[in-house]
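Here the structure is a predicted model, which means the values were calculated and not measured. In what follows, chains are A, B, ... by sequence order, proteins preceding strands, each numbered from 1.
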Amino acid sequence: MTSLLSNLNPQQLEAITLPHQSVLVLAGAGSGKTRVLTTRIAYLIQSGQANPHGILAVTFTNKAAKEMLTRITAMLPVNPRGMWVGTFHGLCHRMLRTHYQDAGLPQAFQILDSADQLALIKRILKDLSADEKKFPPRQVQWFINNAKEAGLRAAYVTVEDAYSRRMLEFYQTYEQQCQKEGAVDFAELLLRSYELLSRNEVLCQHYRERFQHILVDEFQDTNPLQYKWLKLLAGTGTKNAAAVFAVGDDDQSIYAFRGAYSGNMRDFEHDFGITRVIKLEQNYRSHGHILDAANALIENNSERLGKNLWTAEGKGELLRVYNAPNDFDEAAFIVGEVKALHAEGVALSEIALLYRSNAQSRVLEHSLFNAAIPYRVYGGMRFFDRQEIKHALAYLRLIANPGDDSALLRVINFPARGIGARGLEQLQDDAKTLGGSLWAAAVQKCGGEDSLLQKSPESLKGIAGFVHLILTMRQYCHALPLPHIVEYMLTHSALLAHYGKEREGAERLENLNELINAATSFVHEAENDSLAEFLAHASLEAGEHQAGSGQDALQLMTVHAAKGLEFHSVFLSGLEEGLFPHENSLSEINGIAEERRLMYVAMTRARRRLYISFAQSRMLHGQTRYHIASRFLDEIPQNCLKWLQSTPRMNQSTYASNSGNQAAGFAKTAYGQPKSSGGEWRIGQNVSHAKFGDGVIINYEGSGSDARVQVNFDHAGAKWLLLEYTKLTAL
DNA sequence: TGGGCATTGGTTTTT
DNA sequence: CCAATGCCCA
């Protein structure tokens with residue numbers, strides 16, 4: 001116990017050792033939030049106030065859940081088995097699987113991810129012959145999810161105008177279709193689970209008695225439905241209500257656009273009768289100037305719960321601000337500074353390059369690539385989102401639940417087996433008349449399962465061939481271990497053969513084989529290794545963005561993606577009005593405040609050094625746009641800032657400090673010794689580049705620091721290179 | 001049935 | 001500008 005509670009500050013200690021009561025912990029950035037959360041759990045168990053069975057801890061991401069579990073396991077000698085630790089969706093899913101009958105779901109119900117949901121909506125819109133111009137599928141999706149997140153079934157949505165009436169019609173049809181197919185989308189997991197608990201007194205009571213301790217991470221990100229779910233589960237107001245340990249930071253609420261409602265923190269205080277709010281304000285991450293700047297910035301927001309970060313460490317370096325003439329130059333500046341930092345011994349993985357929107361990464365990547373600096377971009381396609389994986393999963397879904405129309409439509413003719421649009425239309429009509437699934441219609445069309453299975457597969461074409469395929473798969477896979485099912489499916493569906501002969505199919509083949517590995521490790525790790533459970537896992541846990549390449553690399557990501565992370569040095573780029581704050585936020589209610597919190601999150605990622613840069617002009621949507629510096633820069637006290645200036649010369653530019661008082665160890669940095677000494681590049685000259693190899697100069701433009709040459713490389717093709725930062729050798 | 005070409009739109013994102 | 005979708009043709 002002593003070791004568990006050592007090295008905690010008074011507020012952390014108070015939070016961790018609080019008696020059985022609900023509490024709101026306002027945990028600032030870098031204040032040891034996760035430590036408090038996990039230590040609280042360990043403390044409850046070790047002090048005998050709770051056993052693992054009685055604890056439920058909920059987070060937003062699988063990553064956070066995993067992290068929490070790992071840390072608890074490290075702290076406790078006991079196996080945390082019995083504890084419920086997971087995401088809202090994961091826990092709700094668990095509940096629905098256990099009580100699928102009470103929840104009105106088929107045992108083999110499937111989870112739709114956003115892409116699956118969108119596909120289903122598109123199908124419905126087509127079915128109802130809706131004008132996709134007037135009712136964009138994405139908007140319909142938004143409407144449905146919004147309603148669900150407000151806890152509203154179609155029957156309870158009130159509409160006035162014709163437009164919403166049509167939307168509601170889509171929602172209704174969507175609900176019916178989901179029920180028919182046994183499909184459950186993300187919001188549905190929560191809503192169903194909520195309805196299950198609110199309708200089933202006995203069940204609700206059971207869980208209430210069991211989970212006497214509920215811990216919530218990132219509480220400011222909860223949406224109204226999640227909050228209602230928590231309230232219901234905790235049994236607020238009842239005699240043996242659970243103690244809810246809610247940890248959050250209203251200043252880091254940056255997901256309002258997807259339904260998060262940080263007002264839940266205030267409601268929580270009220271609804272749960274919170275008498276004391278514990279504030280964790282001591283920051284263990286950043287140096288003083290960074291915190292001073294962030295505090296000053298966020299002061300500009302009203303309606304805060306109120307919090308001021310401080311550190312026991314020194315002030316540290318000033319924030320470095322760079323005013324670039326254009327986005328190119330901004331990128332070049334960053335590249336130069338990254339090089340210098342790296343040369344000073346800072347690992348590239350300890351340096352982050354943050355931006356407001358993904359589009360900004362292009363220029364940065366370009367410069368980094370030319371400078372041969374390894375980097376890694378976060379975000380983008382995840383494993384289970386890939387087309388080939390989706391196809392494979394569709395086959396698996398059909399094995400688990402042939403009533404899954406969405407899955408059937410996805411693969412009935414993939415790989416192509418000669419089923420055209422007319423055949424499909426016919427099938428859909430049949431299904432409609434039968435009132436059953438597409439699968440049922442297909443089976444009937446082929447004269448029933450039994451007669452079909454007796455025929456030789458070679459003789460069957462088109463729909464019959466497909467039905468036979470799925471039937472044999474089901475039969476064959478019945479008792480097979482999961483990885484074998486996957487392997488069998490990949491071969492017999494001919495997915496492997498298909499991608500094997502596709503030109504760019506190598507990577508897809510690799511991914512499909514990776515799916516077998518995923519199944520193998522799932523079998524090893526999961527308690528329940530059924531096919532249905534694996535499919536749920538695939539939907540709920542889309543997999544890490546990319547396998548870490550292992551190499552030390554610079555970290556590129558949006559500010560949103562950086563939440564929760566920290567780095568030695570952070571570059572915050574594109575601090576321009578219109579970009580950050582984003583122009584769209586100007587017309588949104590409390591839009592600027594949210595952008596400001598985003599800025600706050602970005603700044604507090606840095607431990608030691610923070611760069612902020614903006615460009616006077618930048619290429620956006622194919623046009624040069626001119627912006628002024630972001631208002632957020634004005635909100636940072638000048639005495640926290642050091643303005644770096646570019647002083648372009650003939651052939652080189654130097655970024656020098658005007659404060660004359662540089663932080664220890666970092667000398668003025670001069671950029672790229674341009675050109676070969678004395679030599680001018682000329683068109684037709686043969687040159688060599690470290691990365692692209694040999695080539696010949698075919699064009700030239702710009703001058704001074706803007707000078708670029710176009711080189712036609714023997715292998716890499718034609719590329720524009722900024723002379724100032726590219727090392728070319730004359731041949 | 002897929003590939004090529006035109007059109008269109010373009011914050012942030014986890015589950 | 002560039003990617004993603006949609007549509008048409010071979």
Legend entry - Salt-bridge contact A:D250-A:R304 (side-chain N to carboxylate O under 4.0 Å): no
Legend entry - Carboxylate-amine/guanidinium proximity below 4.0 Å for A:E218 and A:K33: yes
Inset, instruction - Assert yes or no for the condition that the ring centre distance of A:Y227 to A:Y261 is strictly below 6.0 Å. - result: no
Inset, instruction - Using whole Å, report how far CZ of A:F60 lies from P of B:dT14. - result: 13 Å
Inset, instruction - Give one of base, sugar-phosphate or nothing for A:F88, where a contact means two heavy atoms less than 4.0 Å apart. - result: nothing
Inset, instruction - Would you mind classifying the nucleic acid contact of A:E588 as base, sugar-phosphate or nothing, using non-hydrogen atoms under 4.0 angstrom? - result: base
Legend entry - N or O in side chain of A:T558 less than 4.0 angstrom from B:dT13 OP1/OP2: yes
Legend entry - Most 5' of A:G418 and A:S539 on DNA chain B, judged by nearest nucleotide: A:G418
Legend entry - Atom C1', compared across B:dT11 and C:dG6: separation rounded to whole Å: 24 Å
Inset, instruction - Just compare B:dT11, B:dT1, B:dT15 and give me whichever is closest to any side-chain atom of A:S357. - result: B:dT11
Inset, instruction - May I ask you to evaluate whether A:R382 reaches the phosphate of B:dT15, defined as a side-chain N or O under 4.0 Å from OP1 or OP2? - result: yes
Inset, instruction - Could you give the distance separating B:dT13 and C:dA4 at their P atoms, to the nearest angstrom? - result: 15 Å
Legend entry - Anti or syn - B:dT12, cut at 90° from 0: anti
Inset, instruction - Assign A:F257 to base, sugar-phosphate, or nothing according to its heavy-atom contacts below 4.0 angstrom with the strands shown. - result: base
Legend entry - side-chain N/O A:N413 vs B:dT1 OP1/OP2, d < 4.0 Å: yes
Inset, instruction - Write down the distance between CZ (A:R625) and P (B:dG10), rounded to a whole number of angstrom. - result: 14 Å
Inset, instruction - Could you check how far CD of A:E577 sits from P of B:dT11, rounded to whole Å? - result: 17 Å
Inset, instruction - Report the distance from atom CG of A:L579 to atom P of B:dG10, rounded to the nearest whole Å. - result: 16 Å
Legend entry - Atom-to-atom span, CG of A:D385 to C1' of B:dT14 - whole angstrom: 11 Å
Inset, instruction - Pick base, sugar-phosphate or nothing for A:E188, based on heavy-atom distances below 4.0 Å to the nucleic acid. - result: nothing
Inset, instruction - May I ask you to verify if any side-chain N or O of A:N358 is less than 4.0 angstrom from the OP1 or OP2 atom of B:dT11? - result: no
Inset, instruction - Would you check if A:H582 stacks with the base of B:dT11, given a 5.5 Å centroid limit and a 30° plane limit, both strict? - result: yes
Inset, instruction - Taking atom CZ of A:R153 as the centre, report whether more than 12 heavy atoms of other residues, nucleotides or ligands fall under 6.0 Å from it. - result: yes
Inset, instruction - May I ask you to say what A:S114 touches in the nucleic acid, namely base, sugar-phosphate or nothing, with a heavy-atom cut-off under 4.0 Å? - result: base
Inset, instruction - Taking all non-hydrogen atoms of both residues into account, name the closest pair between A:V467 and A:A442 and its distance. - result: CG2-CB, 3.7 Å
Inset, instruction - Taking only the side-chain nitrogens and oxygens of A:N62, find out if one of them lies under 4.0 Å from OP1 or OP2 of B:dT15. - result: yes
Inset, instruction - Report yes if the distance between the aromatic ring centroids of A:H560 and A:F257 is under 6.0 Å, otherwise no. - result: yes
Inset, instruction - May I ask you to decide if the ring planes of A:Y395 and A:F466 are parallel, tilted or perpendicular, using 30° and 60° as cut-offs? - result: tilted
Legend entry - Atom-pair distance (CE on A:M557; C1' on B:dT13), nearest Å: 15 Å
Inset, instruction - Grab the CZ-C1' distance between A:F186 and B:dT13 for me, whole Å please. - result: 12 Å
Inset, instruction - Starting at the 5' end of nucleotides 1-10 of chain C, put B wherever the base has a protein heavy atom under 4.0 Å, S where only the sugar-phosphate does, and a dash everywhere else. - result: BSS-------
Inset, instruction - Give a yes or no on this: more than 12 heavy atoms of other residues, nucleotides or ligands lie within 6.0 Å of atom CD of A:E588. - result: yes
Legend entry - Lys/Arg cation over aromatic A:Y255: A:R258, 6.0 Å, 45° cone: yes
Inset, instruction - Measure the distance from CG on A:D185 to C1' on B:dT14 and round it to the nearest whole Å. - result: 14 Å
Inset, instruction - Between A:R356 and A:R417, name the one whose nearest nucleotide on DNA chain B is closer to the 5' end. - result: A:R417
